[in-house]
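Encoded as structure tokens, the structure appears first; notes follow it.
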Amino acid sequence: MTALLTDLNPEQLEAVTWSHQSALVLAGAGSGKTRVLTTRIAYLLQSGRTRPQNILAVTFTNKAAREMVARIGAMLPVNTRAMWVGTFHGLCHRVLRAHHEDAGLPQAFQILDMADQLAVIKRVLKERSLDEKMLPPRQLQWFINNAKEEGLRASQVDVHGGFNQTLAECYQAYEIVSMREGTVDFAELLLRCYELLSRNEILRDHYRSRFEHILVDEFQDTNRLQYKWIKLLAGPGSQQHAAIFAVGDDDQSIYAFRGAHVGNMRDLEKDFSVPKIIRLEQNYRSHGNILDAANALIEHNKGRLGKNLWTAAGKGEPVRVYHAATDMDETSFIIDEIKALHADGLALSDIALLYRSNAQSRVLEHGLFNASVSYRVYGGMRFFDRQEVKHALAYLRLIALPDDDNALLRIINFPPRGIGARTLEQLQDQAAMLGTSLWQAAFKVYEGGKAVATRNSQPGRGIAGFVSLVLSMQQDGEGLPLPEIIRRVIDQSGLAAHYQAEREGGERLENLKELINAATSFVHESEDDSLTAFLAHASLEGGEHQAEGYQDAVQLMTVHAAKGLEFHSVFISGLEEGLFPHENSRNEPDGLEEERRLMYVAMTRARQRLYLSYAESRMLHGQVRVNIPSRFIDEIPQDLLKRLRSDFSGRSFRQGVSGTGQTVASTINSSQKGRSTMAAAVGMTSSGLNSAGFHVGQQVSHAKFGTGIILNYEGSGTDMRIQVNFHQAGTKWLSLAYAKLEPL
DNA sequence: CAGATTCTGCTTTTT
DNA sequence: GCAGAATCTG
């Protein structure tokens, strides 16, 4: 016991040994959050306060769940299998599988990922002949998921105004389709489970008496439905109620755009009568200057629960700020610094290159590639999202549940077997008339075809060919081990032959083989080795980017993807108004504050060295854009910063980079040559507006909108319009003839 | 019906 | 600048 608790600081110890009912732990970045969570569980078990089967621990990612189990297992010789540790979705799925009948679902119900869901939505819109221009499928998807995350069914959505009416009707239609096809989207997993438990008292009591302790990781990221779900399971105020142990950080809430509700922290305090918030403020990761800078930045947000990170380590190096002429200039600066750091013995994998949006990675990748610096980009296409893998999975889904129209539509004509738009339309009409799934309708065609040999009855082609293919797959697979089923499906479907014939098909074939391997390891590791279980695994846990063998490489990722990670040196690039903070955040309530939290998360990833950089002009969407530095740089106390700048303007502000010393500065100098041409190119762009007395990149002021910077122009003479990025009012197009603009 | 070509429109994302 | 969708041609 004592061994478990040594080395904890007083606040961590208080959290781990908390003896009141429920607890809310405000855990700052790098404050040992995961350690507290896992040690808490180990403490509860070792002291005999509870047993593994009475513990429920919820996370957001499978990775976090696995890590938690592994760490507890390393601390205690305990049966971790008896604990319920998983993601919200994984746990809800588990409940729904166990009680699918009570939940009104078929035994082999299938899970739709975001892409699958979008495909269903597009079908619903088409069926209702709604123009995709009038009602973008993504908007309807957003509407449905939002409603579900608020716990609302189509009939419960507050409808005011005609447009909402249409959306609600489509939501209703989508629900009917999902029911008929036996499919469940991500939000539905949660809502279904919530409804099941609130309606079914016996089940609810069963789970309530089972789980004595419910621990929640990343609590600031929970949405309203997830909170309601926790509350329902915990049952505060009821006879048997669980103790909640929630760990989170309101300053690191960066997922409001997908429904996360930070207000849940305050609600938890109230609903579970939490006597006080435990604050973990000692940071074990970063040096003082980095923390001071991050603290100062986040101070600009209102309504925080409040917290100030501190460290026992020294101040360390200043935060470096690089002012670049162009995105190319920014890139070469970053690469030079990386090379210097690496030359000084730092592993490339301990360097992170962060950006606000994925589009920014291209220039960086290009530069790194040309400089032969190995790098790894996070967040690309995931294995189970690959076209060929999805195709194979679609065949497998039809074996498990042929009524899944979505799966059927994906592969009814892939590889091509002569079923075109025309035939498909007829089939869809048929299905609509009979009120059945497409599979049922196709089966009728097949039966009819058997009786009367029809024209398009070449073996293996047409509807009949497709139906007999799926039927034989269903029959042949009976009783075979899962990897063998998959191997046969890839072969018999014609996918293997199709990709074999394709020039670029080699990699796809490899991925299909990899799918068989994935099934083989799944069968070894999972208790349930059924096809249905594997398909659920592919939807819920297949998203993880597998570690493609360790190699020393610079880590490239978005700021969102960097959450929870740490590196010796961190570069945050593209710190420009419009990019970071992103211009779209202006229209959203509290959008700017979320951007600031994002910046806070980015900064607190760095242990020893932090670089911030911005460029005066950058290529975006195939157009050169001129930007002003991000306000976030101004929000950091200037004495914590060390300003660096390239010599593009003829003035050299650089006096060499301190810290690791000479190498860095000299590398910069040698690579700066040849960049002045770039600066000249920008200058030429700027001359474009000279006839009107203004130029791109110039600071101007407007009576109503305040000050800003000229981004772009179009037209000429009296028709000339110019685009100005105003510091306060955002980006606007103004007619030069009417707008009274003053040069600054 | 299938492959080739033009057109459009762009945050962040795990489950 | 690039990917996915819509549209065109053999």
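A note on names: the letters A, B, ... follow the listed sequences, proteins ahead of strands, and every chain is numbered from 1.
Both the sub-6.0 Å distance and the 45° axial angle are not jointly satisfied by A:R597 relative to the ring of A:Y600.
Between A:N301 and A:D251 there is no side-chain heavy-atom pair separated by less than 4.5 Å. The side-chain heavy atoms of A:Q387 and A:F414, taken from C-beta on, include a pair separated by under 4.5 Å.
Rounding to the nearest 0.5 Å gives a distance of 11.5 Å between CG of A:L401 and CG of A:L408. Taking CD of A:Q500 as the reference point, atom CG of A:L509 lies at 5.5 Å (rounded to 0.5 Å).
No donor-acceptor distance shorter than 3.5 angstrom exists from the side chain of A:R625 to the backbone of A:L620, with no hydrogens or angles considered. Side-chain atoms of A:Q360 come within 3.5 Å of backbone atoms of A:S357 as a donor-acceptor pair (strictly under, hydrogens ignored).
The number of heavy atoms from other shown groups lying within 6.0 Å of CZ (A:R138) does not exceed 12.
OP1 or OP2 of B:dT13 has at least one side-chain nitrogen or oxygen of A:T558 nearer than 4.0 Å. Regarding contacts with the backbone of B:dT12, a side-chain N or O of A:N358 is found under 4.0 angstrom from either OP1 or OP2.
Heavy atoms of A:Q387 sit nowhere under 4.0 angstrom from any nucleic acid atom. Counting any heavy atom pair closer than 4.0 Å across all strands shown, A:Q360 reaches no nucleic acid atom. Using a 4.0 Å heavy-atom distance criterion, A:A421 is classed as a sugar-phosphate-only contact. A:T59 comes within 4.0 angstrom of nothing in the nucleic acid, heavy atoms only. Nucleic acid contact class of A:N413 (heavy atoms, under 4.0 Å, all strands): sugar-phosphate only. Nucleic acid contact for A:F186: base, since at least one base atom lies under 4.0 Å from a heavy atom of the residue.
One N or O donor and one acceptor, one from the side chain of A:H89 and one from the base of B:dT15, sit under 3.5 Å apart.
Under the 6.0 Å cut-off for aromatic ring centres, A:H261 and A:Y227 do not qualify, their centroids lying 6.0 Å or more apart. Between A:H560 and A:Y255, the ring center distance clears the sub-6.0 Å criterion.
Classified by its glycosidic torsion, B:dT11 falls in the syn category, the angle being within 90° of 0.
Atoms CG (A:L540) and P (B:dT13) sit 20 Å apart, rounded to a whole Å. One atom, NE2 of A:H621, and another, P of C:dA3, lie 15 Å apart when rounded to the nearest Å. Rounding to whole angstrom units, CD of residue A:E593 and P of B:dT12 are separated by 22 Å. Protein atom NZ of A:K63 is 14 Å distant from nucleotide atom P of B:dT13, rounded to whole Å. Protein atom CZ of A:R138 is 10 Å distant from nucleotide atom P of B:dC10, rounded to whole Å. Rounded to whole Å, the distance from CD on A:Q117 to P on B:dT15 is 16 Å. If you measure from atom CZ of A:R597 to atom P of B:dT13, you get 17 Å, rounded to the nearest angstrom. Taking atom CD1 of A:I254 as the reference point, atom P of B:dT13 lies 9 Å away to the nearest angstrom.
Stem regions for DNA chain B, each three or more consecutive Watson-Crick or G-U pairs with both distances under 3.5 Å and listed by first number, read B:1-10 with C:1-10.
Residue A:M619 places its side chain closer to C:dG1 than to any other of B:dT15, B:dT11, C:dG1. Each of B:dT15, B:dC1, B:dC10 was ranked by its minimum atom distance to the side chain of A:T61; first place goes to B:dT15. When each of B:dT11, B:dT15, B:dT13 is scored by its nearest atom to the side-chain atoms of A:R356, the top-ranked nucleotide is B:dT11. Checking C:dC2, B:dT11, B:dT14 against every side-chain atom of A:R362, the shortest atom distance belongs to C:dC2. With B:dC1, B:dT15, B:dT13 as the candidates, the nucleotide lying closest to the side chain of A:R422 is B:dC1. Of the listed nucleotides (B:dC1, B:dT12, C:dA5), C:dA5 has the atom at the smallest distance from the side chain of A:K122. Minimum atom distance to the side chain of A:R382 is reached by B:dT14, of the listed B:dT12, B:dC1, B:dT14. The side chain of A:N62 lies closest to B:dT15, out of B:dT15, B:dA2, B:dT13. If you check B:dT15, C:dA5, B:dT11 against the side chain of A:T87, the one that comes closest is B:dT15. Side-chain proximity of A:P416 to B:dC1, B:dT15, B:dA2: nearest is B:dA2.
Both A:S585 and A:R258 sit near DNA chain B, but only A:S585 has its closest nucleotide nearer the 5' end. Between A:T423 and A:M114, the residue anchored closer to the 5' end of DNA chain B is A:T423, taking for each the nucleotide with the nearest heavy atom.
C:dA3 and B:dT14 have their C1' atoms separated by 22 Å, with the value rounded to a whole Å. Nucleotides B:dT11 and C:dA6, compared at atom C1', are 25 Å apart to the nearest Å. Comparing the P positions of C:dG4 and B:dT13 gives a spacing of 16 Å, expressed to the nearest Å.
The aromatic ring of A:H582 sits over the base of B:dT11, with ring centres less than 5.5 Å apart and planes tilted by under 30°. An aromatic stacking contact between A:Y255 and the base of B:dT14 is absent, as defined here by ring centres under 5.5 Å apart and ring planes under 30° from parallel.
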